[in-house]
Amino acid sequence: MNLDQTPVWSIIGAVIIGGSILAGSIILNGSLRDASDKLQGIQKSLVETKDELKVIAANRPASGSARRGPDPNKRYTVKTENAPAKGPLTAKVELIEFSDF
């Protein structure tokens, strides 16, 4: 190896290392930009979800007053034709039983 060529190899090595660092930083910068854009989208969705939850909470009835099932003060019509029955067809009161096995 000639001592006169040593600085050239050092410069070539430095250029290769520098180029690798530069290329890596460009790739990393693009990845960070994409991640930042996705994060901003998530944050926007979170704000929209919070706003929707506020609307739902404002329109929800007070706790304890929510009733489940049919309204006990309403009269419902139920078709009973061809259904199994017991008792006279002229009865003044008809009880209908619903069950699920």
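- Rounding to the nearest 0.5 Å places CG of L46 at 9.5 Å from CG of D51.
- Taken to the nearest 0.5 Å, the CG atom of D37 stands 11.0 Å off from the CG atom of L32.
- Annotation: side chain to side chain contact (heavy atoms under 4.5 Å, CB included) contacts of I42 (sequence neighbours excluded): none.
- Within the model, atoms OG of S31 and CZ of R33 stand 10.0 Å from one another, a figure rounded to the nearest 0.5 Å.
- Here the CD1 atom belonging to I27 is positioned 10.0 Å from the CG atom belonging to L22, to the nearest 0.5 angstrom.
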Could you go through residues 75-94 and list every donor-acceptor pair under 3.5 Å that involves a side-chain atom there, pairing it with any protein atom two or more places apart or in another chain?
unit_1 : atom_1 : unit_2 : atom_2 : d
Y76    : OH     : D71    : N      : 3.0
T80    : OG1    : E94    : OE2    : 3.3

